[in-house]
Amino acid sequence: MSMTKLTLQIDGRSIETESGRTILEVCKENDITILTMCHLKGITDVGACRLCLVEIEGVSKLMSACTTKVADKMIIRTSTEKIKRYQRITTELFAAERNHVCSVCIANGHCELQKLAYDVKMDHIRYPYLFPQCEVDTSHPLYVLDHNRCIVCTRCVRVCAEVEGAYNWDVMNRGTNVRIISDFNTPWGESITCSDCGKCVEACPTGALWPKAVVQGQLNKAPEFISDLIEKRKMKL
Amino acid sequence: MSKKKLATVWLGGCSGCHMSLLDIDERILEVAQLADIVKCPIVDGKEFPEVDIALVEGAITSDEHLKEILHIRKQSKILISLGDCAIMTNVTGMRNYFNLKDVIETSYVGSVSNDDAGEVPNHWALLKLNDKVYPLQEIVEVDYFIPGCPPSADAIFYVLSELLNDRIPDLSEAKKMKHG
């Protein structure tokens, strides 16, 4: 694909880039902070978390920066009051929908959702908590899937399919009943597709997927490891 | 300038937030210069008086807590949710995923630590648990929130000292705020 040079404006800054890139990629290259949750460098972007919303002049809706390609003369705003308000609402809804009990969570202190809460200055949640009864799948010998902490970013699903190629994970149901499932909604430990590689665990931004060998508050994931792996696999020796 | 009246309350929580309050150490003298602590869990059981600032630890878990928080709201100019239980029910709310009857049976009858068949305590003086545990803001209007399990002593002192000096605290910086 031939690249054409184009010029656009982000938060008042004039930026030169090439066609075919997403707004998020261009922002990252230019040190413009965009909050993300479902984005993981190297795997397909799906615009699921709605945190990277940006305003584009002439477009009435907010667009997700990770799935919107740049175009010539685009005028983009990334941190207006409206966007900040939406980001805070989104974060609060993540917290209200499942059971995120930081104090007893394995990921406490190393959690992207917790960090997000600080980034959007969330000191409390204005919506009623749903307190759903969620399962914890401990059937896998090495890892645990805790639906209480899952925000359905689907990073695990994509990393399993696109990087490992095992296609163990999928998504079931809709709305608040949505669940990540192993194979055809069977216990993870009985999976015939899972290769036990643990990439989903590294990719998971919260305490929803974690290794059994870790104790409370000691979980430290390295999702950038996945991005590095993808780059390394492109190398021809 | 007359001294402000400060109260601290312990509802459905573990008292850890109060421990963190005590961790402000000698800075409590600065608080004492600006305010009288007229009610707290270690003063006697008088009815909750009119106060300028009420720091409320814990979630609303029972009929008694509900009555208390409604009364505290009426009596307080500024009501502060102190800690994760008050703000998001935290550990106290983990029973919300289950039916209350099952929770009580599991705790008192089926518990593995029971030597014999246990029984559910049923004394008139005991509080009656609500079906669900609620964070304070779902019951009453809350003016400020200090999240954390427990909140840091620095965060608590910061909020108190701002309010006692008639300033508006801003906890939004990550270094002051923590969840969990």
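All of these numbers come straight from a predicted model, not from anything done at the bench. Reminder, nothing fancy here: chain letters follow the sequence lines and each chain counts from 1.
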Relative to chain B, which of A/Cys134, A/Pro132, A/Pro128 shows the most heavy atom pairs under 4.5 Å? A/Pro128

Nearest atoms (heavy-atom pairs only) where A/Trp169 meets A/Leu145: CZ3-CD2, 3.8 Å

Heavy atoms of A/Arg77 and A/Asp11 approach each other most closely as CA-OD1, 3.3 Å

side-chain contact (heavy atoms from CB on, under 4.5 Å), paired with A/Ile10, selected from A/Ile32, A/Asn30, A/Ile34: A/Ile32

Check whether more than 12 heavy atoms from other residues, nucleotides or ligands sit under 6.0 Å from atom [atom1] of [X], and answer yes or no.
| X | atom1 | value |
| --- | --- | --- |
| B/Glu141 | CD | no |
| B/Tyr108 | OH | no |
| A/Phe131 | CZ | yes |

Could you tell me which portion of A/Asn148 (side chain, backbone, both or neither) has an atom closer than 4.5 angstrom to a non-hydrogen atom of chain B? side chain

Does any backbone or side-chain atom of A/Asn108 lie under 4.5 Å from a heavy atom of chain B? Answer side chain, backbone, both or neither. side chain

Residue [X] versus chain A: region with a heavy atom under 4.5 Å:
| X | value |
| --- | --- |
| B/Ser81 | neither |
| B/Pro135 | side chain |
| B/Val133 | backbone |

Quick check on the structure: residues of residues 84-102 of chain A within a heavy-atom distance below 4.5 Å of chain B, by number. A/Asn99, A/Val101, A/Cys102

Which class fits the ring pair B/Phe48 and B/His71: parallel under 30°, tilted 30 to 60°, perpendicular over 60°? perpendicular

Carboxylate-amine/guanidinium proximity below 4.0 Å for B/Lys39 and B/Glu47: no

Residue among A/Thr67, A/Asp45, A/Thr22 satisfying side chain to side chain donor-acceptor pair (under 3.5 Å) with A/His39: A/Asp45

